[in-house]
Structures are given as structure tokens and as C-alpha cells.
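Notes follow once the structure below has been shown.
Per chain, numbering begins at 1; letters A, B, ... match sequence-line order.
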2 protein chains.
Amino acid sequence: MALASMITRKELPKGYLLLEQGNVCQHFYLLEKGFARGYYNHEGKDVSLWFAFEGDILTSLYSYATGKPSYTSIEILEDSVVNGFTFGQLNDLLEKYPEFNLVGRLLAEQYFIELEERTLSFQFKTATERYYELIRKHPQILRRASLGHIASFLGVSQETLSRIRAKRE
Amino acid sequence: MALASMITRKELPKGYLLLEQGNVCQHFYLLEKGFARGYYNHEGKDVSLWFAFEGDILTSLYSYATGKPSYTSIEILEDSVVNGFTFGQLNDLLEKYPEFNLVGRLLAEQYFIELEERTLSFQFKTATERYYELIRKHPQILRRASLGHIASFLGVSQETLSRIRAKRE
DNA sequence: TTCTGATTTTGATAAATGTCAAAAGAAATC
DNA sequence: GATTTCTTTTGACATTTATCAAAATCAGAA
């Protein structure tokens, strides 16, 4: 079983829902080109959890690890190209070549570290600081994501983010 | 190299600082008996990031994964017994028996999932809801951790948590 | 270009929470 | 048991941010 033969390449239009909250995620997708976000919907409130750029992975690690329905949805925000394979294929691979668990471990560690940073920033930084940090790290986000999406990612209302922007300059 | 011979058992008194912010963490510790917390200190504000019970692991996954100084400290909150081994020993083991990466992967996934849940609860739940969820999951925490520690874990001031408690019953 | 719908900004007000200060209570030490 | 120290509660007030509503701006379709 060759790795290459497992991979399916797909073109996805803007607005496409790659994964819907409540469904069990079955795939890893590598975002070759485009832009996407993960979000969580709770009582009508739609909150962005992450943004994914070229080279990032689109999946629900939760679903993969637990086999349970994902509580995040994945939305394609710009026409994109992804390369995907199923969890089943990956598990076969891991079974056959246990060394690959090293990659899995490093990946999960990486995920954890990024999330830890995000969590800390919620507890220690103001929305304003989080905003400027975000656009410093990912300036492109300003052009690619809407104010509403960014606001919910930062944990503030749109109006508040708009006022944060207004204060500067 | 036997796993058992690597492990060192230690008794640690209440108040002991197992890991200090700014130092590179070198060990995994399994908490056999006792109670501990991880916390982060920022400009004098001391914020609890997690509590560890019997059976939990005490370490800085961040330090382990990156080799950089930990930004969390680990404090023993009750006289405890831990079983520890160094990252170096663990890495030797992983190199010799790559299958162990599976354990590492699952562990990192587990860490990630728990943190994800915590992060979501910050964005979607009120401090009151987070409080009652915490004591539902870990009732013992009420007896073992101080109000101040719990308040910072929940992301509110002590006074606010005190008022949350007063409202009920 | 013009229209239409979505996004962003602005204003007024209400609600939640933090901060400071002090009192009350509990625990530890002598 | 009395004293000291730490923890928790309570009160008053200030600050931050959300919410609701409306206006302004922008973007895509006709």
C-alpha cells in the first residue's frame, strides 16, 4: 500500500462545508491552496476556533482520537485545493509502520502547544493585545477573514472589535 | 534497559515547587498520591492552569516537545508521592522501541482534547457554569484547592467566585 | 452603473465583572 | 487558649464589554 495512492485531491468552492458539527470526521485533509476555518456553533452563536492556511491540516483531532462526532465544523472560506485520506487508511499505515506514530505524536504535541498558547492568551491578554498579536503573526488574515469571524476567534463581539480597530491610528 | 529501573520514587511535601517557570522541564512524574497544580505567573498574577489528582502526569509537555523553558510552574498542594523519569530516559526508550510512540501519541491527543474542552468552555460558558461543571467533575477539588486557586483556574477574580458561591443554596 | 444584500461602524444603554477596602472567618503557631 | 496569619466574604464603585438599533460602507449581481 503506497502512501501516494491513498491520497485524493479535491477542489472545493468557497462556502463548502468540509465537516459538519455532529458528524464523525473521517478524513485528514492537507490544505494545499486556499483558506478555511474551524468553528463551533452553540445556540445560534457561531465561534471561530482556528483558521487554516496553505500547508495546514484540516481535521477534527477529537473525532480521530475518540471516534465520536466532531463538535467543530470546517468551512472553506476561499476556493481551495485539499489532499485527503481517511482515518482508516491512516490507521492501516500506522499499524504496518509503527514508526509513523512518531509523526502522529509530534503532530499532536504541536496541536497541543498551539492551543495552550491560545488558552493562555485568553487568560492573560486583553482582546486588543490578542488582536494585534494575531495580525502580526498572520497579517493576511485581515484580507481573508471577515471581522465577524475574527471577532469570534478573539472572543469579543463584532462591535467591540470594530472599536478596537477604530482606536488605533 | 528495564523500564522499572529508570523510575525514581520521591516523597514531596506540600508547597514543594516541582518545576519553576523559566526552567527547562526534564522529567515526567506520575502522581501516585497527593494533589498538585500547574500555574502561570504573569506580572504578579498567579493563574492555575490545571489540577492533578492521583494517577495524573506532572510535566511540561511544552518543555518536552520543544526543549525550551517551561512557562508553567508545578506546585505540590498536598504531601505527595511521585514516580519520575527523565526525558532523556524516555527518548532512549522511544528510540529503542518506536512502538512506544503510540502511547506518546495517544497521550498528546488526550492532553489536546482536554485542553480543547477547557478552551471551548471559556468561550461559551459563564463563570458560574464553569464552576458547577468543575465541582461536578471533581467534587474533591472543593476540599483540596483554595478559592483563589479555583477562581484563577476559572478565569475570574476571587471575589466574583465567592459571589457565585453565595448565590446558590 | 445601479441595485441589493452583506459587512462594518457608530451610538446609547444595560449587564457583568474587576478593583479596592474592610470585615469576618478559619487555620496555624506560639 | 490567645495571637497571628491566611482565606473568604461583603460592600461600593469603576471599568469593560455586550446588546440593541440604526447608519454607513462595501461587494457582487443584474
Which residue pairs pass the salt bridge (Lys or Arg N to Asp or Glu O under 4.0 Å) test when at least one of the two sits in [range], sequence neighbours left out?
range	value
residues 10-27 of chain A	none
residues 55-66 of chain B	none
residues 23-38 of chain B	B/R9-B/E32, B/R37-B/D46, B/R37-B/E75

Mind checking what makes side-chain contact (heavy atoms from CB on, under 4.5 Å) contact with [X], not counting sequence neighbours?
X	answer
B/I57	B/F28, B/L30, B/T59, B/L107, B/Y111
B/T86	B/H27, B/Q89
A/L94	A/Y64, A/L90, A/N91, A/F100, A/N101, B/R105

Legend entry - Test item: B/S162 side-chain N/O and B/Q158 main-chain N/O as donor-acceptor pair under 3.5 Å: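 Pair absent, no side-chain N/O of B/S162 close to backbone of B/Q158.
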For the pair made of [atom1] in [X] and [atom2] in [N], what is the distance, rounded to whole Å?
X	N	atom1	atom2	value
A/I164	C/dT9	CD1	P	11 Å
A/Y131	C/dT8	OH	C1'	12 Å
B/E129	C/dA16	CD	P	12 Å

Legend entry - Test item: B/E99 and B/L102 side chains (from C-beta on) under 4.5 Å apart, heavy atoms: no
Legend entry - Contact residues, residues 146-158 of chain B to DNA chain D [heavy atom, < 4.0 Å]: B/S146, B/L147, B/G148, B/Q158
Legend entry - Contact list for DNA chain D against residues 133-142 of chain A - heavy-atom distance below 4.0 Å: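 Within residues 133-142 of chain A, no residue comes under 4.0 Å of DNA chain D.
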Inset, instruction - Assess whether side chain to side chain donor-acceptor pair (under 3.5 Å) is satisfied between A/S60 and A/T72, documenting all intermediate values. - result: CA-CA 7 Å; A/S60 163; A/T72 71; 4.7 Å; no
Inset, instruction - Spell out protein contact along nucleotides 21-30 of chain C as letters: B when the base is contacted, S when just the sugar-phosphate is, - when no protein heavy atom is under 4.0 Å; keep the 5' to 3' order. - result: B---------
Legend entry - cation_pi(A/R130, A/F124) dist<6.0 Å, angle<=45: no
Legend entry - Geometric cation-pi criterion A/R118 and B/F122, 6.0 Å radius, 45° cone: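 Here A/R118 fails the 6.0 Å and 45° test against B/F122.
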Inset, instruction - Map B/T160 and A/T126 onto DNA chain D by nearest heavy atom, then report which one ends up closer to the 5' terminus. - result: B/T160
Legend entry - Chi angles and distances behind the side-chain contact (heavy atoms from CB on, under 4.5 Å) call for A/L161, A/Y131: CA-CA 8 Å; A/L161 179 55; A/Y131 175 67; 3.5 Å; yes
Legend entry - Axis-to-axis angle between the two ends of the helix from C/dT1-D/dA30 to C/dC30-D/dG1 (five base pairs per end, rounded to 10 degrees):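 It comes to 40° between the two terminal axes.
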Inset, instruction - On DNA chain D, reading 5' to 3', which nucleotide is the first and which the last to sit with an atom under 4.0 Å from a heavy atom of chain B, could you check? - result: D/dT8 to D/dA12
Inset, instruction - Classify the angle between the aromatic ring planes of A/H149 and A/F51 as parallel (below 30°), tilted (30 to 60°) or perpendicular (above 60°). - result: tilted
Legend entry - Point-to-point distance, once rounded to the nearest 0.5 Å, from OH of B/Y62 to CG of A/L120: 10.5 Å
List the atom pairs, with distances to 0.1 Å, where a side-chain N or O of residues 134-141 of chain B and a protein N or O form a donor-acceptor pair under 3.5 Å, not counting sequence neighbours.
residue	atom	partner	partner atom	Å
B/K137	NZ	B/E117	OE2	2.9
B/Q140	OE1	B/R144	NH1	2.7

